[in-house]
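Computed over heavy atoms, backbone and side chain alike; hydrogens, waters and symmetry mates excluded. Throughout, a chain's letter reflects where its sequence line sits, starting with A, and its residues are numbered from 1.
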2 protein chains.
Amino acid sequence: MVLARKDPVRIKDLAEHFGVSPSTVSRALSPKGRSLISADLAARIRAKAEEMGYVGDVYATGLRTGRTRTVGVIIPDIQNPIFPPIVRGIQNRMDEAGLVTLIAYSDNRIDLARREVERLLGRRVDGLIYASAFLEDPVIDFCREQGVSLVLLNRSVRGARGLYHEVLNDEAEGIRQTVAHLASLGHRRIVHFNGPVDVLQGLERREALRRYVREYGLEAEECECTAFSREEGARCARQFLSARPSATAIVAGNDLIAIGAVQVFKEAGLRVPDQVSVVGFNGMPFSEMFDPPLTTVAIPHVQLGARAAEILLGEMQGESEGPLTVKLEPVLVARRSSGPAPGGAVDDPPRATETSLKPSIPSS
Amino acid sequence: MVLARKDPVRIKDLAEHFGVSPSTVSRALSPKGRSLISADLAARIRAKAEEMGYVGDVYATGLRTGRTRTVGVIIPDIQNPIFPPIVRGIQNRMDEAGLVTLIAYSDNRIDLARREVERLLGRRVDGLIYASAFLEDPVIDFCREQGVSLVLLNRSVRGARGLYHEVLNDEAEGIRQTVAHLASLGHRRIVHFNGPVDVLQGLERREALRRYVREYGLEAEECECTAFSREEGARCARQFLSARPSATAIVAGNDLIAIGAVQVFKEAGLRVPDQVSVVGFNGMPFSEMFDPPLTTVAIPHVQLGARAAEILLGEMQGESEGPLTVKLEPVLVARRSSGPAPGGAVDDPPRATETSLKPSIPSS
DNA sequence: GTGAAAGCGCTAACAA
DNA sequence: TTGTTAGCGCTTTCAC
């Protein structure tokens, strides 16, 4: 049994047991040192270390080498439902590699992000995964100055491409699928309740929408939300109701905007999807339980996290093949908040692409 | 500006600046040592340290003192929606106290929980917050053997009271509010889709239900779910449909069981709440967006986390006033999945206790 | 009230 | 291939 805390096994103990010096044991235990000593002895030391439950002292090693086998992750808020799967993806990969992950919250404020980066650097993290909220972000330059390995996750900064590692969702592809879906349902005029354009996602989704609306021969108007929130979705929905446009579908900047809009439509007696279709973005958990179940673009959050961790690990080992930009493909999940355009010709009848019960996460 | 990484300020630098010895600076900077040196010098050293951006080296201190200003938190899975707010509550408090929080996942498996505890102890955490899944859990004894400060959170173990610090939701009170609510709506016969009774919550909720059903003069049957999952809720709902009992309301063991049941009822054409009321438990995010919006017992998750952190901090400072058991009060949030009993006399008409839009969490 | 010195456990230069 | 030695930055006796 491991006695990790009570009386930890030290290198000295192993050295005495074998009648060798601490350095020899240290070499036997470290990947690079192992080749310097006799293979047989190294193997025996390693076996005994395992048996005695040797766990290297992270603090001694950290002090001596400056490397701490610790990484930091900065996200806006773990209570935002897109981040738990991202964090899990990161930690899965880091745990595998024997690193520990520190999680810090910026609450979407640059000053807090900066403070948290400083705290993490003070903790001597070997690398950082940063989910920045804004297109312009001085905190990223600060990280660069500090010389810490850095991967940008899910949110990016203007001009970052080629400067920093980035792991991103393919926003344009998600919008393309959305537009294709609505076009196939016979919609011809849509309104985009776009998210804030000072955030990468808001900007990219809006630009992709403009492009694909053209390519698919549709027409679009826009209502700009100042935040990715239900309140803003509701505001645009009220505006939509009072303007009474001829559009038959809403493409929301994300799921929260979508559900804010749906709620207002329902309260106003506008039937979704009979009178207006609504499509979200993010594939947030339980969106299939909403009323109506929400059609949305599912982002591979766990894989985004895992991929970012992977790249950071490579970077930390000095495998510097130049800054990478990785885009992962999202998938539109068609549910019942979108349907045939009222009175419109339908090229392709709607299908149920998702059956009722899927494996779910146990809760207390 | 702080240069946390590039060339950190050390005690030696401060010592040289003031022409004193490192010991003096160390004393000036530590709360206990401060009283040993001249107050004036201490103040000047502290001011300068602040100005120069001195950040003590956690690894040197950890090595020297054995205390690491780090705590570990073990939860089943951050993707389970009840845990993000708990984690946030813990971290808010720990950050305030200048401690760092390591989060590990057990996936509700005792072997993994054990492994994670060992990893955390290997990382020399000063304390542990443990959200154990089971009523019997040897991992807790292991923690005790290791002599690490420990607080049990949200999930408890049989016989733990008086042995370990516990921070719990008041399950009985939540059930009492549920039963009172249904009674006031005229329900007389209910079915409890209870959660697994080898988990504290499942057991306590069931026992409370039996008690309050009696106290309020109702009658209850039970259908036991083997997990807190939608699948199990759906299974009990199908059983309910085929048995066609006279009950008019379902009390679900948690929200997932509730939504699994609601889904089956809807598919079978049974109207909620006109023909059957359903009440959940947990107050999970976005449950107000479900169809119908779910009546549920909201647990103060953030406060649970903050309280657990508070107690752990006290324990780590040796403020040992004996093991504490803290219970926090949940609140029933009445929404539209519960309504008057069909054909029953209503003592008290249902009210809308929640209006439509509440502040929500921004999402990308 | 302050300084000198030792040492936490580990690794890496240097020596043999 | 292995041992010796020094020292990472800090705290804490012990001496003055």
Taking only the side-chain heavy atoms of Asp57(A) (C-beta and beyond), determine which of dG3(C), dT2(D), dG9(C) contains the nearest atom. dG9(C)

What is the distance from OH of Tyr59(B) to P of dC10(D), rounded to the nearest Å? 14 Å

If only side-chain N and O atoms count, and only distance matters, is there a donor-acceptor pair under 3.5 Å linking Thr101(B) with Gln91(B)? no

Round to the nearest Å and state the distance from Glu16(A) atom CD to dG3(D) atom C1'. 15 Å

Strand contacts (DNA chain C) in residues 94-102 of chain B, 4.0 angstrom heavy-atom criterion: none

Taking 4.0 Å as the cut-off, does a side-chain nitrogen or oxygen of Thr61(B) come that near to OP1 or OP2 on dC10(D)? no

Among Val71(B), Ile129(B), Val87(B), Ile74(B), side chain to side chain contact (heavy atoms under 4.5 Å, CB included) partner for Ile103(B): Val87(B)

Length of the NZ-P vector between Lys12(A) and dT4(D), whole Å: 14 Å

Separation of dG9(D) P from Arg123(A) CZ (nearest whole Å): 17 Å

Nucleotide dG9(C), atom C1' - distance to CG of Asp7(A) in whole Å: 15 Å

Residue whose nearest DNA chain C nucleotide is more 5′ - Pro22(A) or Pro22(B): Pro22(B)

With a non-hydrogen cut-off below 4.0 angstrom, is Ile11(B) in contact with a base, only sugar-phosphate, or nothing? sugar-phosphate

Check: Leu153(B) and Glu166(B) side chains under 4.5 Å, non-hydrogen atoms: no

Per the under-4.0 Å heavy-atom filter, residues of residues 26-37 of chain A near DNA chain D come out as Arg27(A), Leu36(A), Ile37(A)

Hey, are the side chains of Leu200(A) and Leu168(A) touching, using non-hydrogen atoms and a 4.5 Å cut-off? yes

What contact category does Tyr54(A) fall into here, base, sugar-phosphate, or nothing, at under 4.0 angstrom with non-hydrogen atoms? sugar-phosphate

Would you please say whether a donor-acceptor pair under 3.5 Å links the side chains of Tyr105(A) and Asp95(B)? no

Pi-cation contact, Tyr164(B) with Arg144(B) (under 6.0 Å, within 45°): yes

Expressed as a whole number of angstroms, how long is the span from Leu63(B):CG to dC10(C):P? 9 Å

Could you tell me which non-hydrogen atom of Met316(A) sits nearest to which non-hydrogen atom of Leu99(A), and how far apart they are? CE-CD1, 3.5 Å

So, is the end of the Arg114(B) side chain (NZ or CZ) under 6.0 Å from the ring centre of Phe142(B) and within 45° of the ring's axis? yes

Arg123(B) and Thr70(A): side-chain donor and acceptor closer than 3.5 Å? yes

Determine, stepwise, if the pair Arg46(B) / Glu50(B) fulfils salt bridge (Lys or Arg N to Asp or Glu O under 4.0 Å). CA-CA 6 Å; Arg46(B) 294 171 78 83; Glu50(B) 171 78 12; over 6 Å; no

So if I take every side-chain heavy atom of Ser23(B) and compare against dT12(D), dT5(D), dC10(C), which nucleotide ends up nearest? dT12(D)

Describe the nucleic acid contact of Thr24(B) in one word from base, sugar-phosphate, nothing, applying a heavy-atom distance below 4.0 Å. sugar-phosphate

For the pair made of CZ in Phe18(B) and C1' in dG1(C), what is the distance, rounded to whole Å? 16 Å

Within this structure, what is the CZ-to-P distance between Arg67(A) and dC8(D), rounded to whole angstrom? 17 Å

